[in-house]
Q: 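Quick one: this structure, given as structure tokens, is what I'll be asking you about.
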Amino acid sequence: MADRKPTPIAKVYEALSAVADQRVTFPTEEPGEALVVSSDHSKQYTVRFGDGFYSSNDNATYWQYYAGYPIVAVLIEQRKIGLPSKSKKTVQAFAGVNWKALNTQYKDDYAKATADFLSNADDPKALQKLVRIVADQLGALDFAVKGNRAQMRQPEA
């Protein structure tokens, strides 16, 4: 298996929000590249992928060497991480969450930010179960993680 740090579970929550909000795009002019808009819509991350690797210019991936939420969101959209067929409603529960604001509010204590999110959810156990399914599949995938120095872009309006 490729050498990489495990992704913190909170980043799976953020990835599911990106998927629910349809913030992941695959530009046709750049094969091997995806763009992921941040939860507060202030940044657009570049995820690059190829044979056995994923890279991103988000801080977590670049500095911590684990698959940050943009990479996880891309893997879900590529269907390399599968969501259960009846999970569409559960995924939608992740929509519209400003993780940047939550993480800032809790001084980047991701466990507290996640607990806050779950405390406002209709069915927190279903959300936790989906996150665990995604995290387990992510852990089983064999790829290396790299940071990339792609210029940070502003999302298109």
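Keep in mind that the numbers below use all heavy atoms, side chains included, and drop hydrogens, waters and symmetry copies.
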Q: Would you name the heavy atoms of L127 and A121 that are closest together and state the gap between them?
A: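 That would be CD1-CB, 3.5 Å.
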Q: Side chains of L35 and Y45: closer than 4.5 Å at any heavy-atom pair?
A: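 No; the side chains remain at least 4.5 Å from each other.
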Q: Whether the side chain of N103 engages the backbone of D108 through a donor-acceptor N/O pair (distance < 3.5 Å, no angle test) should be reported.
A: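 Not confirmed, N103 side chain does not pair with D108 backbone.
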Q: Is it the case that the side chain of S87 and the backbone of L83 share a donor-acceptor pair, with hydrogens and angles ignored and the cut-off at 3.5 Å?
A: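 Absent.
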Q: For E77 and V19, work out which heavy atoms get closest and say how close.
A: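 Closest heavy-atom pair between E77 and V19: OE2-CG1, 3.5 Å.
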Q: Quick check: do I76 and L16 have side-chain heavy atoms less than 4.5 Å from each other?
A: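 Yes; the side chains approach each other to less than 4.5 Å.
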Q: Do the non-hydrogen side-chain atoms of P84 and L130 ever get within less than 4.5 Å of each other?
A: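 Counting from C-beta outward, P84 and L130 do come under 4.5 Å.
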Q: Would a 4.5 Å heavy-atom cut-off, applied to side chains only, mark V47 and E33 as touching?
A: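 A side-chain contact is absent here, since even the closest heavy-atom pair is not under 4.5 Å.
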Q: Hey, does V145 have a side-chain heavy atom less than 4.5 Å from the side chain of Y66?
A: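 Heavy-atom side-chain distance check fails, nothing below 4.5 Å.
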Q: Donor-acceptor pair, distance only, cut-off 3.5 Å: does the side chain of S39 make one with the backbone of K100?
A: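 Answer holds: yes.
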Q: For D122, does the CG atom sit with more than 12 other heavy atoms under 6.0 Å from it, leaving out its own atoms?
A: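 No, CG of D122 has 12 or fewer neighbouring heavy atoms, counting only those of other groups under 6.0 Å.
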Q: Tell me the closest heavy-atom pair linking L138 and R4, and the distance in Å.
A: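 In this case the closest contact between L138 and R4 is O-NH2, 2.6 Å.
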Q: Would the distance check show the side chain of T7 and the main-chain N or O of A67 forming a donor-acceptor pair, the cut-off being under 3.5 Å?
A: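 Yes, T7 side chain to A67 backbone: donor-acceptor pair under 3.5 Å.
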Q: Rounded at 0.5 Å granularity, tell me how far CG in N59 sits from CD in Q64.
A: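 Answer for the CG-CD pair, N59 versus Q64, is 9.0 Å.
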Q: Would you call K80 and Y54 a side-chain contact if the rule is heavy atoms closer than 4.5 Å?
A: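 When only atoms from C-beta onward are counted, Y54 and K80 do touch, with a gap below 4.5 Å.
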Q: Which heavy atom of A73 sits nearest to which heavy atom of A15, and what is that distance?
A: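 It is N-CB, 3.6 Å.
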Q: Are the charged groups of R23 and D21 less than 4.0 angstrom apart, N to O?
A: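 Yes, charged N to carboxylate O under 4.0 Å.
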Q: Does one hydrophobic cluster hold both I9 and V97, with members joined at side-chain heavy-atom distances below 4.5 Å?
A: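 Yes, I9 connects to V97 through the hydrophobic network.
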Q: Taking all heavy atoms of T61 and all of G68, pick out the closest pair and write down the distance.
A: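 Nearest heavy atoms, T61 then G68: OG1-N, 2.9 Å.
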Q: Please determine if K11 forms a cation-pi arrangement with Y110, meaning its NZ or CZ atom is less than 6.0 Å from the six-membered ring centre and no more than 45° off the ring axis.
A: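 Yes, a cation-pi geometry holds between K11 and Y110.
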Q: Is the shortest heavy-atom distance from the side chain of Q78 to the side chain of F26 under 4.5 Å?
A: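 Contact flag for Q78/F26 side chains = yes.
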Q: Which heavy atom of S55 sits nearest a heavy atom of N148, and at what distance?
A: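 Reported closest heavy-atom pair: OG-ND2, 3.0 Å.
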Q: Are the side chain of S17 and the backbone of F94 linked by a donor-acceptor contact shorter than 3.5 Å?
A: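 Yes: the side chain of S17 pairs with the backbone of F94.
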Q: Identify whether V72 and I133 are in the same connected component of the hydrophobic contact network (ILVMFWY, side-chain heavy atoms under 4.5 Å).
A: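 No.
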Q: Verify, without hydrogens or angle tests, whether S38 (side chain) and Q44 (backbone) share a donor-acceptor contact under 3.5 angstrom.
A: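 No.
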Q: Cut-off 3.5 Å, side chains only: do Q128 and Y13 have a donor facing an acceptor?
A: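 Y13 and Q128 do not have a side-chain donor-acceptor pair below 3.5 Å.
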Q: Given W99, which of Y106, F117, Y69 fulfils the ring-ring contact (aromatic ring centres under 6.0 Å, His included) condition?
A: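 Output: one option passes, namely F117.
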Q: Stepwise, does the side-chain contact (heavy atoms from CB on, under 4.5 Å) test hold for K125 with D123?
A: CA-CA 6 Å; K125 287 197 183 323; D123 189 354; 4.0 Å; yes
Q: Can any side-chain N or O of S56 pair as donor or acceptor with the backbone N or O of D58 at less than 3.5 Å?
A: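 Checked: pair present.
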Q: Would Y62 and R149 count as a side-chain contact (heavy atoms from CB on, under 4.5 Å) if you check the C-alpha gap in whole Å, the side-chain angles of each, and the deciding distance to 0.1 Å?
A: CA-CA 8 Å; Y62 191 82; R149 294 180 186 267; 2.9 Å; yes
Q: Could you check F53 against F143 for ring-ring contact (aromatic ring centres under 6.0 Å, His included), going step by step and ending with a plain yes or no?
A: CA-CA 5 Å; F53 82 91; F143 64 92; 9.6 Å; no
Q: Under a 4.0 Å N-O cut-off, is there an ion pair linking R132 with D136?
A: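 Salt bridge flag = yes for D136 with R132.
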Q: Keeping the roles fixed (side chain from N57, backbone from G147), state whether a donor-acceptor pair exists under 3.5 Å.
A: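 The answer is no, because no donor-acceptor pair under 3.5 Å joins these two groups.
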